[in-house]
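Below: one structure, written as structure tokens.
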2 protein chains.
Amino acid sequence: MADINQMHKTSPRAQKSLYLRKQDLRRGIELMFFAYRDFTGEADDILSRLGLGRAHHRVIYFVGRQPNMTVSDLLSILKITKQSLSRVLSHLVAEGYIHQEQGARDKRQRLLSLTEKGLVLEEKLTDVQCKRFASAFSACGGDAVAGFQDVLANLINEDERADLRKRYPDLFE
Amino acid sequence: MADINQMHKTSPRAQKSLYLRKQDLRRGIELMFFAYRDFTGEADDILSRLGLGRAHHRVIYFVGRQPNMTVSDLLSILKITKQSLSRVLSHLVAEGYIHQEQGARDKRQRLLSLTEKGLVLEEKLTDVQCKRFASAFSACGGDAVAGFQDVLANLINEDERADLRKRYPDLFE
DNA sequence: TATTATTGGTCAACATGGCTGACATAAATC
DNA sequence: GATTTATGTCAGCCATGTTGACCAATAATA
């Protein structure tokens with residue numbers, strides 16, 4: 001929670017905490033823009049050489065994280081239309097990155113998993129992004145990492161945060 | 001920097017800091033994805049009702065932040081091709097959000113600024129994003145905000161970070 | 001002054017990845 | 001048996017990125 005000792009260090013008329021000034025909020029906006037672009041940049045480069053895009057990456061990432069998930073699961077994580085997903089997913093299946101298997105309980109379901117080829121690519125992509133985080137985290141220290149996670153979690157819509165908490169209990173510690 | 005006291009709380013074989021474990025790095029990846037999506041979502045909704053997209057938003061935002069900037073300046077911030085920018089910029093000029101003025105020193109330059117209409121939209125868009133940040137920041141406190149900023153800054157490519165430091169000295173405190 | 005570089009723009013074509021709408025099929029469920 | 005669910009497909013539209021070619025005005029420089 002806000003530390004009361006950090007307040008009132010500006011002029012008497014400035015009632016807000018230091019980090020709630022307009023310029024600090026704008027800094028948040030800007031840092032998100034620049035950081036997100038670079039965070040995705042390296043992976044985008046690898047993907048484009050393979051004729052794939054960021055949409056393919058998301059599918060590979062989340063299927064890798066949760067093997068044997070259904071298409072429905074993936075749709076509710078990605079929040080795109082099934083037509084959009086279908087285009088990307090079909091491509092990944094055709095190219096041999098993703099394996100589909102009929103559900104045992106519900107035979108309509110296609111359970112998705114990475115093939116060996118998909119796993120190799122997933123590891124490569126996750127690795128470059130993890131390295132970037134490892135470098136940033138090391139440079140900032142554990143307290144900063146905790147703050148980073150806390151703020152990002154609170155930027156997520158409340159209802160979605162609740163969904164995510166159920167789906168990925170470890171996402172918010 | 002890394003707090004040595006946070007280490008070695010897991011099994012003897014785990015040598016890494018707690019926040020450098022694979023699962024923590026993956027959490028970073030995932031939080032960035034979900035947070036960025038929701039961070040841009042509300043603004044996207046407002047824009048789409050006006051027949052505009054996120055690309056228009058970026059132009060409006062950065063021109064609002066730095067009035068009378070040149071097209072070159074904008075290109076080097078956005079890092080897109082001038083053809084891509086041209087399409088979006090022409091549209092914004094035609095719709096009366098952006099004003100172009102011939103440069104005094106260099107008459108080739110088009111100095112960009114927001115019109116009254118552009119300013120109104122910029123404030124509306126910045127406001128919804130600032131509110132989200134204000135809410136997240138308040139929920140987390142000042143130390144978390146500092147950590148958030150620190151990590152994001154370190155996710156940015158080093159050379160770009162140097163450029164940004166020159167362009168926007170207040171971006172990194 | 002003549003040449004070159006910079007700033008900004010245009011046109012055309014293409015790719016990615018969102019979207020909507022309409023429709024089909026198999027399987028589960030009521 | 002009727003309905004809902006899970007999934008897929010086709011067709012087309014839109015936003016926004018890309019490349020390549022080319023042009024004009026102006027600034028900087030040899």
Side-chain angles (χ1 to χ4, degrees), chain A residues 33 36-37 40-41 43-63 68-95 98-112, chain B residues 33 36-38 40-41 43-63 68-95 97-112:
Chain A
F33 170 65
Y36 194 81
R37 182 172 60 189
T40 55
D44 286 349
D45 291 344
I46 294 170
L47 289 157
S48 73
R49 275 178 243 126
L50 297 172
L52 303 174
R54 205 179 289 177
H56 302 93
H57 186 184
R58 290 180 189 133
V59 170
I60 288 173
Y61 181 88
F62 285 106
V63 171
N68 295 315
M69 74 191 312
T70 65
V71 174
S72 290
D73 282 340
L74 195 47
L75 280 174
S76 60
I77 289 169
L78 298 178
K79 293 202 178 145
I80 57 176
T81 60
K82 64 175 179 170
Q83 293 92 328
S84 297
L85 175 58
S86 174
R87 193 197 291 138
V88 172
L89 191 52
S90 307
H91 187 199
L92 288 172
V93 170
E95 295 288 322
I98 298 263
H99 172 70
Q100 287 179 323
E101 194 169 342
Q102 197 174 50
R105 207 185 56 247
D106 185 334
K107 288 178 186 168
R108 291 168 304 180
Q109 295 180 332
R110 263 73 163 179
L111 306 183
L112 307 173
Chain B
F33 170 65
Y36 193 80
R37 182 172 61 192
D38 287 352
T40 54
D44 286 348
D45 290 345
I46 294 170
L47 289 157
S48 74
R49 276 178 241 127
L50 298 170
L52 302 175
R54 204 178 291 177
H56 302 94
H57 186 186
R58 291 181 188 134
V59 171
I60 288 173
Y61 182 88
F62 285 106
V63 171
N68 295 313
M69 75 191 312
T70 65
V71 174
S72 288
D73 281 341
L74 195 47
L75 280 174
S76 60
I77 289 168
L78 298 178
K79 294 202 178 143
I80 57 176
T81 59
K82 63 174 179 173
Q83 293 92 327
S84 295
L85 175 57
S86 174
R87 193 195 293 135
V88 172
L89 191 52
S90 307
H91 187 200
L92 288 172
V93 170
E95 296 287 324
Y97 293 101
I98 298 263
H99 172 70
Q100 286 180 323
E101 195 168 344
Q102 197 175 49
R105 207 185 56 246
D106 186 333
K107 289 178 185 166
R108 291 167 304 181
Q109 293 180 333
R110 264 75 161 177
L111 306 183
L112 307 173

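All chains are named by letter (A, B, ...) in the order of the sequence lines, taking the proteins before the strands, and each is independently numbered beginning at 1. As the structure is a computational prediction, the values presented were derived from the model and not from experiment.
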* With under 30° as parallel and over 60° as perpendicular, where do the rings of B:Phe62 and A:Phe33 fit, or are they tilted in between? -> tilted
* To do: Would you indicate, yes or no, if C:dT20 has its OP1 or OP2 atom less than 4.0 angstrom from a side-chain nitrogen or oxygen of A:Thr81?
  => no
* Asked: Between the base of C:dG21 and the side chain of A:Gln83, is there a donor-acceptor distance below 3.5 Å?
  -> yes
* Asked: Which pair of non-hydrogen atoms, one from A:Ile80 and one from A:Leu75, has the smallest distance, and what is that distance?
  -> O-CD2, 3.4 Å
* When all nucleic acid strands are considered with a 4.0 Å heavy-atom cut-off, which category describes A:Arg54: base, sugar-phosphate, or nothing? -> sugar-phosphate
* To do: Name the nucleic acid region contacted by A:Gln102, choosing base, sugar-phosphate or nothing; use a 4.0 angstrom heavy-atom cut-off, strictly under.
  => nothing
* Structure fact -> Of all heavy-atom pairs linking A:Arg37 and B:Leu78, the shortest is NH1-O, 2.8 Å
* Which is true for A:Ser84 with a 4.0 Å heavy-atom rule: it touches a base, it touches only sugar-phosphate, or it touches nothing? -> base
* To do: Among C:dG18, D:dT9, D:dA6, find the nucleotide with the atom closest to the side chain of A:Lys82.
  => D:dT9
* Look at the side chain of A:Arg87 against the base of C:dG18 and say whether a donor-acceptor pair falls under 3.5 Å; ignore hydrogens and angles. => yes
* Asked: Does A:Gln100 place a side-chain N or O at less than 4.0 Å from the phosphate oxygens OP1/OP2 of D:dG8?
  -> yes
* Asked: If you look at every strand shown and take non-hydrogen atoms under 4.0 Å, does A:His56 touch a base, only sugar-phosphate, or nothing?
  -> sugar-phosphate
* Asked: Given that B:Asp106 and B:Ser86 both sit by DNA chain C, which one's nearest nucleotide is further toward the 5' end?
  -> B:Asp106
* Looking at A:Ser90, does any N or O in its side chain come under 4.0 Å of the phosphate oxygens OP1/OP2 on D:dT9? -> yes
* **Sugar-phosphate, base or nothing in reach of A:Lys107, heavy atoms under 4.0 Å** => sugar-phosphate
